[in-house]
Amino acid sequence: MIEQNIIGYELSAQGADTISGFNPVTLETLPGAFAVATEAEVDWALHKAKTAWRSYRYTSGRQRSAFLQTIATELEALGDTLVQRAVAESGLPEARILGERGRTCAQLRLFAQWAEEGAWVEAIIDTPQPERQPTPRPDLRRMLVALGPVVVFTASNFPLAFSTAGGDTASALAAGCPVIVKAHESHPGVHALVAGAIQKAAQRTEMPDGVFSSLYGKGFQLGQALVQHPLTSAVAFTGSYRGGRALFDLANQRTTPIPVFAEMGSTNPIFLLPERLRQDYATLALQIAASVNLGAGQFCTSPGLLVALDDAHLPLFVTALKEAFAAQPLLTMLNPGIHAHYLKARHHMLQIQDIEIEFAASANTATLQAPPAIASTGAPAFLRHPTMHEEVFGPFSLLIKCKHLQEMEQVAAALQGQLSAVLMAQAEELSRYTTLIQLLEEKVGRLVFNGVPTGVEVSHAMQHGGPYPASTDSRFTSVGTAAIRRFVRPVSWQDCPPALLPEALQDDNPLRIRRIVNGVLQ
């Protein structure tokens with residue numbers, strides 16, 4: 001039996017081509033065939049989404065909240081079936097999948113609360129001043145409104161939390177935008193289960209037909225068709241720099257360009273300040289080794305750069321770090337493509353003349369296990385070699401040795417845009433590194449003190465997205481409630497008759513939301 005594409009409330013398998021799931025641990029093809037979508041099905045899904053948007057954008061926050069909460073309930077009802085398929089398709093341990101399912105449902109419920117609370121529309125009212133001289137002021141009312149159909153590209157490294165019902169989908173639906181999800185080729189079985197749960201939730205809560213669709217594809221064709229379809233209003237992507245940039249370029253080649261919110265990873269440098277390193281080198285080595293090797297290094301926030309002063313205490317840290325890396329178990333990577341790319345990038349980095357190999361586990365080409373590695377170089381060499389600045393997606397980290405604080409600052413200034421950076425420091429020494437801190441603030445979306453960058457809290461204050469090339473627009477986050485702002489735009493109503501105003505802008509404030517009225521938060 002072939003698993004069909006979901007187009008609103010209907011199922012479709014117009015094409016003859018299919019894809020299958022793959023177990024990266026056993027290297028076996030998994031049961032099930034999934035129909036690759038045709039261009040006609042893309043067009044059908046987008047037209048349904050556009051029609052749905054015309055009513056869905058006017059649904060109340062309470063209605064969207066019920067929809068999102070029902071999705072979470074339906075996901076939980078899938079039980080062990082979902083968990084075991086995710087384990088089989090990703091090679092990740094069951095505990096990781098259970099945690100990821102919990103995070104996925106939690107963020108759906110967080111966006112449900114945010115949609116119902118309603119203040120995210122940022123309502124602003126400037127009441128008229130007809131007597132003002134030399135010109136009267138009109139009545140002006142402004143709020144955020146839904147953009148339109150959003151295409152979501154799912155991630156390989158999070159089969160649930162950054163996938164079909166992940167943060168991109170949750171935030172777009174909360175904003176009032178229908179969603180068309182492109183399934184990741186590594187997780188077709190998981191996608192089928194989750195997409196079916198979303199479709200069921202839409203029907204149970206009486207959402208408009210077309211509020212959600214999901215399509216299978218392989219290669220570049222489906223993604224290109226979705227991005228360049230004239231009814232697509234925005235794109236959300238989590239993945240590689242190459243993939244995100246390709247989608248960004250496609251979107252800007254359209255007759256009407258659209259925003260692409262691509263989170264493309266980074267090297268997430270950890271700056272080890274000398275006093276903290278002197279006192280805690282052994283603990284830091286264990287903490288950093290665990291972070292670099294977490295999930296076989298397949299996190300966009302994995303620390304790929306370490307920066308430290310080359311003093312008497314650094315060799316002690318390096319020795320402890322090598323021991324901690326050697327104690328790490330070899331973990332399976334998500335798919336053959338990621339594994340091959342990691343081995344190639346690791347090999348290329350270790351062959352650079354100014355690189356010194358500190359530790360490199362042997363690769364077993366009969367499996368998809370990722371052999372971890374640590375390398376080191378001096379700050380002048382790092383500043384000369386652009387290749388050293390590139391992300392190696394996997395359990396790899398490059399230590400940059402600096403002769404003095406000025407070199408450390410030069411390294412920070414030379415960094416590309418990052419999702420995050422870390423300062424490991426004693427509180428009393430931070431005051432001597434204000435320039436370094438300010439340089440890092442220019443480069444990152446999240447600055448972490450005395451922690452590791454892996455682990456991104458889903459909250460109101462989280463910023464997961466940094467200056468290019470970490471993301472295509474550093475003003476927005478892909479994690480936390482502020483992610484909703486990617487899929488809206490501001491509209492002002494001038495001298496609008498009261499009966500035509502949205503509830504959020506009406507004088508009596510029937511939604512009871514926070515608003516700015518004549519410059520005062522109420």
Side-chain angles (χ1 to χ4, degrees), residues 17 19 36-39 41-43 45-46 147 149-158 162-164 166-169 172 179-188 191 214-267 298-300 304 334-342 344-345 348 386-387 389-394 416-419 445 464-476 478 486-487:
D17 207 358
I19 60 173
V36 171
T38 64
E39 287 198 20
E41 287 167 319
V42 169
D43 188 63
L46 264 302
L147 274 179
V150 172
V151 169
V152 170
F153 288 80
T154 56
S156 63
N157 57 340
F158 283 87
F162 282 83
S163 192
T164 311
D168 292 336
T169 296
V179 170
I180 301 96
V181 173
K182 178 191 177 295
H184 199 281
E185 292 176 53
S186 292
H187 312 303
H191 173 84
S214 73
L215 305 172
Y216 300 99
K218 61 181 180 180
F220 192 61
Q221 291 78 12
L222 178 60
Q224 180 176 1
L226 286 167
V227 172
Q228 294 195 315
H229 195 284
L231 298 184
T232 299
S233 296
V235 173
F237 170 86
T238 300
S240 68
Y241 169 77
R242 180 182 177 185
R245 182 57 198 247
L247 297 179
F248 179 83
D249 290 342
L250 284 172
N252 283 284
Q253 292 165 10
R254 293 168 41 124
T255 302
T256 304
I258 57 172
V260 173
F261 301 103
E263 186 266 275
M264 300 179 290
S266 65
T267 54
Q298 297 169 116
F299 284 79
C300 55
L334 293 158
N335 59 55
I338 288 176
H339 182 254
H341 188 270
Y342 168 66
K344 181 179 179 181
H348 182 58
T387 302
H389 297 235
E390 296 176 3
E391 179 187 22
V392 177
F393 190 68
Q416 296 180 316
Q418 305 288 328
L419 294 173
H464 187 62
Y468 185 87
S471 61
T472 48
D473 196 327
S474 63
R475 297 171 298 171
F476 298 96
S478 65
R486 295 174 296 171
F487 308 122

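Using a 4.5 Å cut-off on side-chain heavy atoms (C-beta onward), H191 and V181 make contact. Residues T256 and P230 form no side-chain contact, since every pair of their non-hydrogen atoms from C-beta on lies 4.5 Å or further apart. With a 4.5 Å cut-off on side-chain heavy atoms, L215 and L226 count as touching. Residues S478 and F261 form no side-chain contact, since every pair of their non-hydrogen atoms from C-beta on lies 4.5 Å or further apart. Put simply, the side chain of T169 does not reach to within 4.5 Å of the side chain of T164, judged on heavy atoms. Side-chain contact between R245 and Y468: present, with at least one pair of heavy atoms (C-beta onward) separated by less than 4.5 Å. Side-chain contact between H187 and T154 is absent, with no heavy-atom pair separated by less than 4.5 Å. A heavy-atom distance below 4.5 Å is found between the side chains of T232 and R254.
By the 6.0 Å contact criterion, NE2 on H341 is open, its count of non-hydrogen atoms from other residues, nucleotides or ligands being 12 or less. In Q224, the CD atom is crowded: over 12 heavy atoms of neighbouring residues, nucleotides or ligands sit closer than 6.0 Å.
In terms of heavy-atom proximity, A37 sits nearest to L222 at CB-CD1, 4.2 Å. Heavy-atom minimum distance, Y216 versus A183: CD2-CB, 3.7 Å. A pairwise comparison of heavy atoms in H464 and C300 identifies NE2-SG, 3.5 Å as the closest pair. Nearest heavy-atom pair across A246 and F220 is CB-CE1, 4.2 Å. Looking at every heavy atom in both residues, G244 comes nearest to A262 through CA-CB, 4.1 Å. Summarising the geometry of S186 relative to P188, their closest heavy-atom pair is C-CD, 3.4 Å, with the distance given to 0.1 Å.
Not a single donor-acceptor pair under 3.5 Å links the side chain of D17 to the backbone N or O of V36. Panel note: side chain T38, backbone E41; a donor-acceptor pair is recorded below 3.5 Å. At distances below 3.5 Å, not a single donor-acceptor pair connects side-chain atoms of S233 with backbone N or O atoms of V150. E185 places a side-chain N or O within donor-acceptor distance of the main-chain N or O of G219, the cut-off being under 3.5 Å.
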When you look at E390 and T387, which way does the side-chain hydrogen bond (donor to acceptor under 3.5 Å, both in side chains) test go after all the steps? CA-CA 5 Å; E390 296 176 3; T387 302; 4.5 Å; no

Working for salt bridge (Lys or Arg N to Asp or Glu O under 4.0 Å), residues D168 and R486: CA-CA 9 Å; D168 292 336; R486 295 174 296 171; 2.9 Å; yes

S266 and Q416: side-chain hydrogen bond (donor to acceptor under 3.5 Å, both in side chains), yes or no, with the steps? CA-CA 8 Å; S266 65; Q416 296 180 316; over 6 Å; no

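If you take CG on L334 and OH on Y342, they are separated by 13.5 Å, rounding to the nearest 0.5 Å. To the nearest 0.5 Å, atom CG of residue N335 and atom NE2 of residue H184 are 6.5 Å apart. Between atom OG1 of residue T267 and atom NE2 of residue H389 there is a gap of 9.0 Å, rounded to the nearest 0.5 Å. How far CD1 of I19 is from NZ of K218: 8.0 Å, rounded to the nearest 0.5 Å. Between the CZ atom of F248 and the CD atom of Q253 there is a distance of 11.0 Å, given to the nearest 0.5 Å.
V235 pairs with exactly one of T472, V227, L250 by the side chain to side chain contact (heavy atoms under 4.5 Å, CB included) rule, that one being V227.
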